[in-house]
S.K.: 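The structure's right below; bear with me while I get my questions together.
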Amino acid sequence: MSDKKVRVRFAPSPTGGLHLGGVRTVLFNYLFAKKNGGDFVLRIEDTDQSRYVEGAEQYILDCLEWCGLTPDESPVAGGPFAPYRQSERKSLYREYAEKLVREGHAYYAFDTTEELEQNRKEIPNFQYGQAYRNSLRNSLSLKEHEVDLLLDAHTPHVIRIKMPADERVSFNDMIRGHVSFETNQVDDKVLLKADGMPTYHLAVVVDDYLMKITHAFRGEEWLPSAPVHLLLWEYLGWKAEMPQWAHLPLILKPDGHGKLSKRDGARLGFPVYAMNWFDAKTGELTPGFRELGFLPEAFLNLLATLGWNDGTDQEIFSLDELVEKFSLDRVSKAGAKFDFEKAKWFNAEWIKKSEAGSLKSEVKRILGDKGVIVTNDDYLLQVIDKVKDRCVLLPDFYHQSAYFFEQPKEYDVNSVKAKWTDAKTEFFNAFINTIKTTETFEPVELEAAFKALAEEKAIKAGELMLPFRIMLVGGKFGPHVFDIAVLLGKDETIRRIEKALVVFGS
RNA sequence: GGCCCGUUCGUCUAGGGGUUAGGACGUUAGAUUUUCAUUCUAGAAACAGGGGUUCGAUUCCCCUACGGGCUACCA
């Protein structure tokens, strides 16, 4: 086992957008694989055609790309174990199911959905298993020739696993340690559906075996069906090659109770999906972290620390650091409530930490979308450096930097008008002159000149700073006002003072 | 209901038989910023309960409570 090359897989079903928890599962898979020099496989589990959603697979691929968690093998990249879509592997599952039937570990069941529903309604705690299987219509209860007749007539049927009586199935989970189940408590899960498609239970075992998966990560919600999978590995004769399991803790709703769901995002006002997801059928748009203005680094960072830490006080990790430091025995067992406030903090930290250059194209796009055209990239870089500490989400760059590129459309006149005097108008006219006549244009000197002039005119500098800011910015925010003026340049600063004077004076 | 998993500040967590139970987010108060944000300083804030084991349990064991998951021809 130990000398085998590590191979992990992320196996989503393409039924919609990719959930936070899903991305975290990808991340842990990826980290574990890269840490151990292994391969990361993407397998699409599209065995339920009724839930298949057009575009969902592409969306998953796009998500992985945005996050920088590129699979080594996938439906598009291919690989030695192709195909990587279960729908394209359909023909291969039946033989394993039939083999199990032949060897007495599975059986044909002819009950209709309606009949089973009826049973579930009428019999308390009904389970298709030990207690009831003999009174239902299957190859265990029916006579052999009756079964043959039904089969020959192509009667719709499924293949179910036959759970053994009075056994205890146990295994060692990489996260939770020893876990065990009574086989009597587990029902006879369907392995092969009437349409010939395998269920998850069969497909995951067959494909993990065929694709030589060594470590299987999945959400804790799969724990109850683990005994079925374990038994399948055994019955199929592959027990020695069974991957090691790791059942990840769930991501919970921040308020109330239960797993975090798509609905909670809408209800609480934060994204649950990695990227925007548009459902063509309902016309519904589910917002994503990317579009809200999260950096992929921040997104990964916050996901990683939801249920994992490196044992130190460090909280900010790059993907490379995560690969280096990740360890399964530092993953917690308990579910974690998602905290959007902390998520935003991670993003703010990453924006502060990022070089202006790496933020440039995103900021340019955000400004462009709002009609602010950037022509000078060097200037943009300087602006980003000046304002990035005040941005939490990427779109904040619009509010924080648009005034560097265009004159304020509106002024916070309420903050200046009440105290406006002719003396102030006079001051600013004189200040325009000062600017025109100074040779250099640099923050410290400009501030000194401003204050000197204020003293000369017998006005408190403090009374003039805010008006000056509002002339340049339009509101009460932004970096140091003299920094802004210098970045804007002499001519533009003068233009803005002149324009604002008209507004303030009227 | 049954089965399985879990339980340290409001939240994410560190710790682990003897600690002033640590950090972070958020929050409160102050400083800096003649704007706002950043930053800095300080504060409030937790071992679910009951039994054991032990000289000593938050830490180990059991029970209870609570929380969560599963209980489909969905994954």
Side-chain angles (χ1 to χ4, degrees), chain A residues 11-15 45-48 50-51 86 109 111-113 116-117 120 124-128 156-160 173 175-177 179-182 184-187 189-201 203-204 218-227 247 249-250 252-255 257-259 302 305-316 330 332-346 348-349 352 387-392 396 399-400 412 415 451 460-470 473 475-481 484:
Chain A
S13 54
T15 53
E45 308 222 337
D46 54 351
T47 54
D48 183 359
S50 69
R51 293 216 308 159
Q86 289 182 332
D111 320 85
T112 64
T113 317
L116 294 177
E117 250 165 47
R120 274 189 268 269
N125 295 335
F126 172 81
Q127 261 198 169
Y128 206 122
H157 64 276
V158 301
I159 292 179
R160 286 180 181 271
D173 187 275
I175 293 172
R176 346 194 69 84
V179 183
S180 80
F181 303 84
E182 254 0 284
N184 293 351
Q185 302 288 345
V186 185
D187 61 338
K189 293 269 185 250
V190 170
L191 265 21
L192 201 75
K193 300 186 251 187
D195 65 2
M197 277 287 194
T199 59
Y200 171 81
H201 306 295
V204 74
R218 51 170 28 165
E220 194 187 347
E221 72 268 26
W222 288 108
L223 208 44
S225 53
H247 290 89
L250 266 15
L252 277 12
K253 300 176 200 291
D255 65 341
H257 312 290
K259 274 199 286 191
L302 74 92
T305 52
L306 212 50
W308 173 86
N309 69 82
D310 76 338
T312 73
D313 286 343
Q314 183 175 350
E315 297 207 77
I316 303 298
R330 295 209 62 91
S332 47
K333 297 181 176 71
K337 288 183 183 162
F338 179 67
D339 181 359
F340 189 52
E341 290 307 316
K342 184 125 190 189
K344 284 192 290 192
W345 174 78
F346 274 109
E349 289 298 308
K352 278 188 283 187
V387 306
K388 66 179 182 166
D389 284 7
R390 356 174 66 85
C391 296
V392 173
D396 293 345
H399 179 244
Q400 293 294 344
D412 180 1
S415 299
K451 284 179 174 169
K460 275 188 235 152
E463 300 245 328
L464 297 162
M465 299 275 271
L466 187 63
F468 188 32
R469 165 177 300 281
I470 291 175
V473 176
K476 290 192 278 188
F477 62 93
H480 290 296
V481 68
I484 297 172

S.K.: Output the rounded distance in Å from CH2 (A/W345) to P (B/rC25).
M.R.: 5 Å

S.K.: Hey, is the side chain of A/N309 poking within less than 4.0 Å of OP1 or OP2 on B/rA14, counting only N and O atoms?
M.R.: yes

S.K.: What's the closest nucleotide to the A/E341 side chain, out of B/rU13, B/rC12, B/rG26?
M.R.: B/rG26

S.K.: For A/D313 and for A/R469, find the nucleotide of RNA chain B with the closest heavy atom, then tell me which residue's nucleotide is more 5'.
M.R.: A/D313

S.K.: Identify which nucleotide among B/rU39, B/rG15, B/rA24 has an atom closest to any side-chain atom of A/E315, counting heavy atoms from C-beta outward.
M.R.: B/rA24

S.K.: Side chain of A/Q185, heavy atoms from C-beta onward: which of B/rC3, B/rU34, B/rA24 has the nearest atom to it?
M.R.: B/rC3

S.K.: Determine which nucleotide pairs with B/rU58, using a 3.5 Å limit on both distances of a Watson-Crick or G-U wobble pair.
M.R.: none

S.K.: Base, sugar-phosphate or nothing for A/R176? Non-hydrogen atoms, less than 4.0 Å.
M.R.: sugar-phosphate

S.K.: Just to be sure I understand the rule, does A/K352 reach a base, reach only the sugar-phosphate, or reach nothing, if contact means heavy atoms closer than 4.0 Å?
M.R.: sugar-phosphate

S.K.: Could you run down nucleotides 69-75 of chain B 5' to 3' and tag each one B, S or - for protein heavy-atom contact under 4.0 Å?
M.R.: BS-SBBB

S.K.: If you measure from the P atom in B/rG26 to the same atom in B/rG17, how many Å do you get, rounded?
M.R.: 33 Å

S.K.: Name the pairing partner of B/rC25, where a pair is Watson-Crick or G-U wobble with both distances under 3.5 Å, or state none.
M.R.: B/rG10

S.K.: In terms of side-chain heavy atoms of A/A334, which of B/rG6, B/rU35, B/rC25 is nearest?
M.R.: B/rG6

S.K.: Taking atom C1' in both B/rU71 and B/rA75, what distance in whole Å separates the two?
M.R.: 15 Å

S.K.: Taking B/rG10 as the reference, what is the distance to B/rA48 when you measure between their P atoms (whole Å, please)?
M.R.: 11 Å

S.K.: With P as the reference atom in both, quote the distance from B/rG30 to B/rC66 in angstrom, rounded to an integer.
M.R.: 43 Å

S.K.: Of the candidate nucleotides B/rG6, B/rC4, B/rC25, which contains the atom at the shortest distance from the side chain of A/K333?
M.R.: B/rG6

S.K.: So what does A/P479 touch, heavy atoms closer than 4.0 Å: a base, only the sugar-phosphate, or nothing?
M.R.: base

S.K.: Using atom P of each nucleotide, how far apart are B/rC25 and B/rG18 to the nearest Å?
M.R.: 29 Å

S.K.: For nucleotides B/rC5 and B/rA14, find the distance between their C1' atoms and express it as a whole number of Å.
M.R.: 22 Å

S.K.: Let's go through A/K342 and A/L302 carefully: what are the C-alpha distance in whole Å and the side-chain angles of both, what is the deciding distance for side chain to side chain contact (heavy atoms under 4.5 Å, CB included) to 0.1 Å, and is it a yes or a no?
M.R.: CA-CA 8 Å; A/K342 184 125 190 189; A/L302 74 92; over 6 Å; no

S.K.: Which part of the nucleic acid, if any, lies within reach of A/G307 when heavy atoms closer than 4.0 Å are counted: base, sugar-phosphate only, or nothing?
M.R.: sugar-phosphate

S.K.: B/rA48 pairs with which nucleotide, Watson-Crick or G-U wobble, both distances below 3.5 Å?
M.R.: B/rU64

S.K.: Donor-acceptor pair, A/T199 side chain versus A/V190 backbone, under 3.5 Å?
M.R.: yes

